[in-house]
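Written below as structure tokens is the structure these notes are about.
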Amino acid sequence: FFAMADIEENARRKATGKKEIPLSPIAIEVVRRIDALFEIERSINGKSAEERLQVRQTLSRPLVEDLQVYMREQLAKLSRGHDLAKAFNYILKRWASFTLFLEDGRVCLSNNAAERGLRGIALGRKSWLFCGSDRGGRRAAAMYSLIVTAKMNGIDPQAWLTNVLARIAAHPAHRLDELLPWNWTPASALSARAAA
């Protein structure tokens, strides 16, 4: 949709004397509707999951429902091989995943945060070709996963791993979930709570 609605790219192409990309009024309308959803997301950024969910139910859900109706109407008018038809089919087949943000305030509308978290891995791919063995590769993948998870939860990965590795042997196995990044409390904070 964005490639077929990129007005700015066409302006740049025109300014440099290059051939313009044919723009689609349908794609422009879809992008306009998606932009409206992102505008709502910007207004609730930083709020609690409950607050985000309430706003999404009130403001975003009707827009998403209208978007789905619009897409189905436009799809019925297009030939199967049309690029827009392919784009419509792609998103409509994944509608449950696209609309998950309407059911859970913790879910983001886009996957940009996840992609940013994986950027370092993608950039370092050639450096990690030689982990020594398949077993070493699996260990490296597990460590990268832990480090990125800690970062995504606003925790210093080195402090978290140091603390967890020091505590894990004596920690009860049935309470290991307390050591996960989103539940973790540094041992120093636990000691301060116990002293109080």
Side-chain angles (χ1 to χ4, degrees), residues 1-13 20-78 82-125 141 144-157 159-160 177 180-185:
F1 300 116
F2 291 98
M4 290 181 266
D6 197 344
I7 296 167
E8 291 176 11
E9 175 62 22
N10 260 357
R12 281 191 293 275
R13 287 174 152 292
E20 294 181 44
I21 302 167
L23 298 179
S24 163
I26 297 170
I28 291 171
E29 178 60 19
V30 170
V31 169
R32 186 193 65 73
R33 290 172 183 235
I34 291 171
D35 282 346
L37 291 170
F38 276 102
E39 186 61 37
I40 294 168
E41 289 300 302
R42 281 189 286 279
S43 74
I44 59 175
N45 190 23
K47 295 191 177 188
S48 72
E50 294 79 21
E51 290 173 299
R52 286 195 306 271
L53 183 59
Q54 182 183 8
V55 171
R56 288 172 177 172
Q57 290 289 321
T58 306
L59 300 178
S60 298
R61 182 173 293 282
L63 297 180
V64 168
E65 290 169 355
D66 288 346
L67 176 61
Q68 184 182 32
V69 169
Y70 179 77
M71 287 180 165
R72 291 194 185 281
E73 287 172 352
Q74 299 307 314
L75 180 60
K77 299 174 188 175
L78 297 168
H82 195 283
D83 287 342
L84 272 175
K86 291 176 187 174
F88 283 138
N89 284 323
Y90 181 87
I91 194 168
L92 291 170
K93 285 179 186 172
R94 292 159 182 79
W95 198 255
S97 297
F98 171 64
T99 58
L100 182 61
F101 79 105
L102 296 172
E103 309 302 326
D104 188 339
R106 298 171 299 168
V107 175
C108 293
L109 177 57
S110 74
N111 65 347
N112 290 345
E115 286 186 12
R116 267 192 311 277
L118 293 172
R119 182 176 292 142
I121 294 169
L123 294 174
R125 193 177 0 220
Y144 297 137
S145 177
L146 292 171
I147 290 166
V148 170
T149 301
K151 285 180 180 178
M152 289 180 76
N153 283 278
I155 293 172
D156 174 19
W160 173 70
D177 63 316
L180 295 172
W182 49 88
N183 294 332
W184 176 71
T185 306

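Predicted model, so just to flag it, every value in this text is computed and none were measured.
Under the side chain to side chain donor-acceptor pair (under 3.5 Å) criterion, Arg52 pairs with no residue, sequence neighbours left out. Residues passing the side chain to side chain donor-acceptor pair (under 3.5 Å) test with Asn153: none are found, sequence neighbours excluded. Taking Ser97 as the reference, nothing meets the side chain to side chain donor-acceptor pair (under 3.5 Å) condition, with sequence neighbours excluded. Partners of Glu39 according to the salt bridge (Lys or Arg N to Asp or Glu O under 4.0 Å) rule, which considers only residues two or more places apart in sequence or in another chain, are Arg42. Remark: Asn111 pairs with Glu115 by the side chain to side chain donor-acceptor pair (under 3.5 Å) rule, at least two apart or across chains.
Note that CD of Glu73 is 11.0 Å distant from CG of Leu75, once rounded to the nearest 0.5 Å. From His82, atom NE2 reaches atom CD of Gln74 across 11.0 Å, with rounding to the nearest 0.5 Å. In this structure, CG on Asn45 lies 8.5 Å from SG on Cys108, to the nearest 0.5 angstrom. Atom CZ of Phe98 and atom OG of Ser110 lie 10.5 Å apart (nearest 0.5 Å). Considering CD1 of Ile28 and CG of Asp35, their distance stands at 11.5 Å, rounded to 0.5 Å.
Proximity of Leu53 to Phe101: side-chain heavy atoms (C-beta onward) are nowhere separated by under 4.5 Å. In this structure the side chain of Leu84 reaches within 4.5 angstrom of the side chain of Phe1, judged on heavy atoms. By the 4.5 Å heavy-atom criterion applied to side chains, Ile44 and Leu59 are not counted as neighbours. Taking the side chain as every heavy atom from C-beta outward, Leu180 and Trp184 never approach each other to under 4.5 Å.
When the shell of 6.0 Å around CZ of Arg94 is examined, it contains more than 12 heavy atoms from other residues, nucleotides or ligands.
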*Ile40 and Leu63: side-chain contact (heavy atoms from CB on, under 4.5 Å), yes or no, with the steps?*
CA-CA 10 Å; Ile40 294 168; Leu63 297 180; 3.5 Å; yes
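Within the structure, every pair that satisfies the side chain to side chain donor-acceptor pair (under 3.5 Å) test and touches residues 58-72, not counting sequence neighbours, is listed here: Gln57-Arg61, Arg61-Glu103.
Of all non-hydrogen atoms in Ala150 and Pro157, the two that sit nearest each other are CB-CA, 4.0 Å.
Among Val107, Leu109, Val64, the one residue that satisfies the side-chain contact (heavy atoms from CB on, under 4.5 Å) test with Leu102 is Val64.
By the 4.0 Å N-to-carboxylate-O rule, Glu29 lies close enough to Arg33 to be salt-bridged with it.
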